[in-house]
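One structure is given below, encoded as structure tokens.
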Amino acid sequence: MSILVDENTKVVVSGITGGEGAFHSALMQDYGTQVVAGVKPGGGGTVTERGVPIFDTVAEAVEKTGANAQFVVVGPRFAADSIIEGAAAGIDLIVCITEFIPVQEMVTAVRFVKSQGTTRLVGPNCPGILTAGKGKIGIIPPSSFTPGSVGVVSRSGTLCYEIVDALTRAGIGQTTAVGIGGDPILGSTFVDILPLFEADPETKAVVLVGEIGGADEEIAAEYIKTMTKPVVGFIGGRSAPPGKRMGHAGAIVSGTSGSAQGKVDALNAVGVAVAETSSDVPGLIRQALARVGVTV
Amino acid sequence: MSILVDENTKVVVSGITGGEGAFHSALMQDYGTQVVAGVKPGGGGTVTERGVPIFDTVAEAVEKTGANAQFVVVGPRFAADSIIEGAAAGIDLIVCITEFIPVQEMVTAVRFVKSQGTTRLVGPNCPGILTAGKGKIGIIPPSSFTPGSVGVVSRSGTLCYEIVDALTRAGIGQTTAVGIGGDPILGSTFVDILPLFEADPETKAVVLVGEIGGADEEIAAEYIKTMTKPVVGFIGGRSAPPGKRMGHAGAIVSGTSGSAQGKVDALNAVGVAVAETSSDVPGLIRQALARVGVTV
Amino acid sequence: MKMQEYQGKELLAKYGVPVPKGQVADTPEEAAEAARALGGVAVVKAQVLAGGRGKAGGVKVTKTPEDAQAFAASILGKELYFEQAKGNLQIDRVLVEEALSIAKEYYIGITTDRGSQRNVFIVSSQGGMDIEEVAHSHPDAIGRLPVDPFLGVRDFDIRRVAQQGGIPAAEIKDLAPFLKKLYQAYVDSDATLAEINPLVVTTDGKFIAGDAKISIDDSALYRHPELAVYAETSEETDEYEKEAHRRGINNYVHLGGNIGIIGNGAGLVMGTMDEVKRAGGEPADFLDIGGGAKAELVKNSLELVLSDPNVKGVIFNIFGGITRGDEVAKGIIAGTESVKVTVPIVVRLAGTNAAEGLAILKGTDLIPAETMQEAAQKIVSLVGSD
Amino acid sequence: MKMQEYQGKELLAKYGVPVPKGQVADTPEEAAEAARALGGVAVVKAQVLAGGRGKAGGVKVTKTPEDAQAFAASILGKELYFEQAKGNLQIDRVLVEEALSIAKEYYIGITTDRGSQRNVFIVSSQGGMDIEEVAHSHPDAIGRLPVDPFLGVRDFDIRRVAQQGGIPAAEIKDLAPFLKKLYQAYVDSDATLAEINPLVVTTDGKFIAGDAKISIDDSALYRHPELAVYAETSEETDEYEKEAHRRGINNYVHLGGNIGIIGNGAGLVMGTMDEVKRAGGEPADFLDIGGGAKAELVKNSLELVLSDPNVKGVIFNIFGGITRGDEVAKGIIAGTESVKVTVPIVVRLAGTNAAEGLAILKGTDLIPAETMQEAAQKIVSLVGSD
């Protein structure tokens with residue numbers, strides 16, 4: 001088990017012939033992921049250097065290869081359309097790492113994906129998903145991962161890597177790490193991913209990595225109330241001064257709403273210990289697991 | 001039991017102040033239906049002659065009265081928007097009798113209704129739904145109905161009345177009659193309604209009233225194969241000469257596809273007896289019920 | 001509402017869909033002038049709604065303006081026989097167009113599809129012939145694309161349908177704008193059918209609509225006043241159907257038997273036909289007064305049906321939902337007062353306000369019937385079976 | 001990209017949203033002329049991105065062209081202090097507008113909302129004041145309308161939101177076209193915020209945008225070349241932030257401490273700030289090089305951070321996913337070569353191509369660290385805590 005991605009996931013890569021697309025598809029293959037197809041308009045009938053067949057459309061790739069997941073790594077002008085193409089072709093899981101997709105296009109794309117009912121989108125502007133030892137879709141660097149029992153879900157890509165690194169250094173392995181992305185319009189938020197960890201028998205505890213801005217952590221806290229598995233939190237930007245923009249469109253501190261303290265309070269209120277810095281996460285996870293009788 | 005409409009159905013009428021809207025809302029009330037609200041833009045805060053409160057929007061009517069069904073009886077220029085309004089307000093069942101709604105508007109409206117997931121649309125250009133002795137939404141004349149165990153689903157409104165009349169004259173009562181309408185773009189087709197009859201404990205047999213044109217009866221036959229309850233068919237237009245348009249946009253005979261004979265063959269092939277004329281329906285129903293051990 | 005070729009091409013041109021240069025001509029002289037403006041060589045095409053104009057002798061490539069004039073003179077104001085319409089149609093207008101240098105002919109159609117509940121493109125590399133034949137003979141050469149109304153035509157859709165339809169990938173860059181503009185024209189005009197057959201690929205690689213067969217949704221004509229002016233054009237070849245068209249009776253089909261049939265709802269009227277046939281009669285017509293008909297329409301319908309000298313009896317079968325029995329009864333009375341009635345009329349009234357209607361008919365010569373079956377049997381027994 | 005009021009109003013006018021008559025002026029003389037064209041009485045408004053222009057002394061109703069000229073002269077080329085921006089901003093341009101005869105002031109805003117994943121209208125009858133205050137003081141006077149992108153703004157939506165926002169039913173016929181046009185302007189322009197506060201209802205019942213605060217999605221500017229020309233306008237009041245803007249570094253915030261922080265990803269940079277603080281240091285800045293940064297941007301970033309004389313040490317924290325360690329290493333080397341480095345620089349490189357990056361940095365004065373925590377502790381111990 002694990003969530004979303006494993007050794008049976010069959011990935012079609014939209015943008016497989018681009019620089020990043022080719023590079024990261026190869027890294028995905030190196031990590032054992034089944035990359036079964038690529039899509040490049042007009043490129044149908046050819047194969048990549050690594051022997052992956054290329055098709056003109058996602059629909060054809062699905063028909064011919066049984067792909068059930070799509071990695072979207074095309075430029076920002078084409079990414080929303082590529083997501084829509086994947087959802088229209090009945091793909092189960094779409095991971096889009098593309099940054100700078102026009103927001104209005106994402107409003108349309110997410111609306112369409114949700115109207116399809118059966119497709120899950122992770123991203124855009126996210127690092128993707130990595131299941132330790134089984135496979136990955138996206139750009140998460142696998143070197144820090146080690147198989148284990150902790151799930152990680154993060155708004156920030158690099159903080160996600162950091163926390164996985166800290167866990168592994170502390171001898172705590174992971175099931176799956178999901179980077180949901182930092183854009184204002186996202187396919188999946190915390191409350192879409194947490195239930196998957198809750199249902200996954202291998203996952204014993206979850207690290208939720210939030211950051212300032214928005215209300216996703218507060219909404220997640222409502223759901224965590226209903227979870228049986230322990231969750232440990234970390235909020236990036238606790239030391240950020242209020243009123244200053246810190247990158248991500250989402251990371252705007254305005255009054256209480258969206259502040260690090262508001263999020264910490266909301267999580268604490270539902271029994272979630274929140275780490276002061278990322279290096280405190282492994283200790284809190286160990287305590288949380290001990291409380292439910294799991295020793296790591 | 002019964003399907004779609006019963007004594008607990010709470011109807012909001014969009015267009016309750018129009019001529020047909022007022023007339024048929026009153027007939028619905030006379031038949032025992034709970035008409036809990038009306039909608040008329042700008043008319044909020046008033047009541048109809050029969051004391052039904054009027055609201056400016058369906059959403060408000062739902063909030064204030066708990067309406068769970070909507071009867072759309074506005075003019076063709078406003079009907080598609082009214083359907084969308086009902087679906088957006090979370091109405092469970094929308095019945096639209098309006099004729100001559102522009103087809104492109106219905107393409108949009110039906111797409112929206114289906115994307116909502118929880119709303120069922122019957123119509124447009126249909127007579128509506130009547131559950132014998134319990135209630136009705138639409139314009140079906142109730143005088144011929146008598147409670148019993150036969151469900152009726154019909155593309156044609158008037159043929160539906162005719163067949164109910166024939167059943168009652170033969171001493172065979174009905175559960176619910178559903179007129180799905182004759183437009184090219186419909187909210188519900190045979191295969192949307194048949195499963196409801198199949199699941200309804202009170203319904204023991206079903207009459208399917210089709211007509212020439214389209215492939216709805218052929219598609220229905222595929223579903224009927226899986227049903228446990230007997231179905232009797234009738235196809236209007238068996239004597240219509242091929243190549244002639246007979247009213248409804250849908251009723252175009254072209255080659256085999258859409259012909260009465262094609263439909264009769266498809267139904268016969270799955271064990272459905274098809275009546276030659278509507279007056280033969282009661283006899284076939286009686287035989288069909290006898291075969292499953294029900295005497296009427 | 002069906003549009004003639006030149007009307008359809010005018011509509012398409014407004015949306016940027018490429019069409020051949022050309023103009024319509026009502027006289028041979030205008031045809032000559034149009035051909036001259038095109039440089040001499042031209043294609044002259046009779047403008048009628050029926051298909052099969054080539055076989056009917058309504059299309060000719062002319063080498064000189066004089067040729068164009070002579071051909072136009074030979075068909076304008078004349079009637080040609082159309083196999084598909086099974087009758088003669090008068091040619092009042094021709095379209096004079098540039099002769100395209102044709103490399104290939106494709107087929108593009110859009111229609112609004114019951115099954116998928118969407119507008120669906122049909123795309124095929126096998127253009128210039130009957131698409132239904134292509135569907136049988138080359139099923140692999142047909143691409144089908146249901147368009148999500150919320151998304152419109154997307155590039156990935158076009159790549160897919162082109163591939164299915166056998167159109168080379170290299171031509172997608174030309175096909176894509178053609179399909180997108182055609183779709184916009186279709187949706188914005190409330191069309192129910194738009195067929196471009198052939199879609200001509202010229203020897204210099206341009207995509208041009210060689211023909212245009214467009215139908216507009218009658219229910220939406222109110223918001224297309226610029227198209228509604230075309231609505232006069234009728235394709236009926238039957239004189240009673242032409243008369244029905246003039247009287248605003250939309251659902252009338254002349255069948256040629258001896259028992260006139262008038263009812264409300266297509267299904268019920270067809271059901272009545274079935275009962276009449278079973279009783280041994282032969283329907284003279286199919287006439288559906290529709291839902292909620294007013295007395296005036298009922299009167300008009302009765303007058304139309306009685307104008308057919310073959311009609312030896314009439315059956316009215318009304319089971320009112322939105323149609324009200326009293327309105328129908330008033331219309332029947334009005335009809336019997338305006339024309340001399342020499343044949344029996346059986347009236348079956350049921351449903352909404354049936355009692356009120358029957359009260360109005362009381363004391364007239366009209367013959368009441370309680371059920372459809374009874375009505376059919378009564379009229380056939382009065383008229384005698386064929 | 002934030003647009004100034006006059007730019008926003010130009011944009012709205014293109015979509016038929018009613019705005020007051022008026023024109024921009026760069027000089028007092030132009031202001032006088034503009035006031036004259038309006039008939040004398042005018043409102044002169046400083047054009048800056050910061051809010052609170054009235055309090056800053058940037059808005060005045062003038063009775064004569066001479067008044068307008070005098071007021072324009074008193075602010076053009078001068079700096080005004082803006083409380084909201086906590087700093088001085090220079091006024092380079094004024095908007096001279098007709099003085100509206102105001103009966104009522106409403107509030108209309110649209111923004112793209114994370115929660116509902118839609119564009120959401122905020123509508124209130126309580127206009128002309130801070131909407132957040134209204135939300136607190138009159139929560140019942142706020143209507144909220146998430147717009148389904150597939151449907152656009154529908155009449156029933158407008159009836160509903162008007163009712164919630166306390167706008168009388170009788171005014172919906174005027175409100176509806178205003179909202180529909182505003183929505184079209186918003187979507188077509190790829191806006192992320194459009195605030196009309198106040199929406200003026202004039203004494204003769206017209207709806208006019210009294211102000212316009214519009215932001216455009218930077219990611220979509222490529223397809224709005226007509227708007228991209230406005231992108232030069234900057235609202236930064238901090239000199240380092242202005243310099244970052246000039247260098248094309250989009251995610252830089254000057255914080256004033258002594259340890260420069262550069263990293264990839266907003267979360268990681270914030271996390272690094274947290275670790276530096278815990279170790280006893282004080283961040284000089286937040287600088288996120290983003291994902292997939294090239295060497296040139298890294299070099300530029302280092303130069304910017306080092307240009308702050310308060311900076312006594314720099315920490316590079318890179319955990320590469322799409323960012324590649326070798327690119328970053330090349331950029332760091334280039335940065336240290338282009339400016340004289342007198343402070344310690346700690347570099348933590350992990351993730352994609354980290355090994356390649358570390359190989360490049362080998363043999364330099366840069367201080368390596370294996371983890372973020374270690375990097376923070378090293379730089380603080382080298383610089384000394386505050």
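A, B, ... follow the sequence lines: proteins, then strands. Residue 1 opens every chain. Not measured: the values here are computed from a predicted model.
Heavy atoms only, all atoms of each residue included: A/Ile180 and A/Val122 are closest at CA-CG1, 4.4 Å.
For the pair D/Ile318 and D/Arg348, the minimum side-chain heavy-atom distance is 4.5 Å or more.
Side-chain contact of D/Asn317 with D/Glu275: a donor-acceptor pair under 3.5 Å is absent, judged by distance alone. D/Tyr186 and D/Thr192 are not linked by any side-chain donor-acceptor pair at a separation below 3.5 angstrom, with hydrogens and angles left out of the test. Looking at A/Thr168 and A/Gln174, their side chains do bring a donor and an acceptor atom within 3.5 Å of each other.
Looking at D/Glu374, there are no atoms closer than 4.5 Å to chain A (heavy atoms on both sides), in backbone or side chain. Only the side chain of A/Glu99 has a heavy atom closer than 4.5 Å to any heavy atom of chain D. Proximity to chain A is absent for every atom of D/Ala350, based on heavy atoms less than 4.5 angstrom apart. Proximity to chain D involves both the backbone and the side chain of A/Phe112, based on heavy atoms less than 4.5 angstrom apart. If you measure heavy-atom distances from A/Ile235 to chain D, the contacts under 4.5 Å come from the backbone alone. Neither the backbone nor the side chain of D/Asp188 comes within contact range of chain A; no heavy atoms are under 4.5 Å apart. With a 4.5 angstrom heavy-atom cutoff, A/Arg77 touches chain D via backbone and side-chain atoms both.
Options D/Thr352, D/Thr371, D/Ile322, D/Asp217 differ in how many heavy-atom pairs under 4.5 Å they form with chain A, and the most are formed by D/Ile322. Contact tally against chain D (heavy-atom pairs below 4.5 Å) for A/Pro127, A/Pro141, A/Gly128: the top residue is A/Pro141. Highest contact tally toward chain D, considering only A/Thr277, A/Asp216, A/Ile101, A/Val110, is held by A/Thr277 [criterion: heavy-atom pairs under 4.5 Å]. Considering only heavy-atom pairs separated by less than 4.5 Å from chain A, the leading option among D/Lys277, D/Gln373, D/Arg278 is D/Arg278. The greatest number of non-hydrogen atom pairs below 4.5 Å with chain D, out of A/Leu159, A/Leu186, A/Ile219, A/Ile140, is found for A/Leu159. Per-residue counts of heavy-atom pairs under 4.5 Å with chain D were compared for A/Thr189, A/Val103, A/Thr158; the largest is that of A/Thr158. Across D/Asn264, D/Asp218, D/Val187, D/Thr323, the residue that shares the most heavy-atom pairs under 4.5 angstrom with chain A is D/Asn264.
Ion pairing between a basic and an acidic side chain is recognised when a charged N comes within 4.0 Å of a carboxylate O; A/Glu105 and D/Arg223 show such pairing. Remark: D/Arg247 does not engage D/Glu296 in a salt bridge, criterion side-chain N to carboxylate O under 4.0 Å. In this structure, D/Lys242 does not pair ionically with D/Asp238, as no charged nitrogen and carboxylate oxygen lie closer than 4.0 Å.
Exactly one residue among A/Ile137, A/Ile193, A/Thr131 makes a side chain to side chain contact (heavy atoms under 4.5 Å, CB included) with A/Leu4. That residue is A/Ile193.
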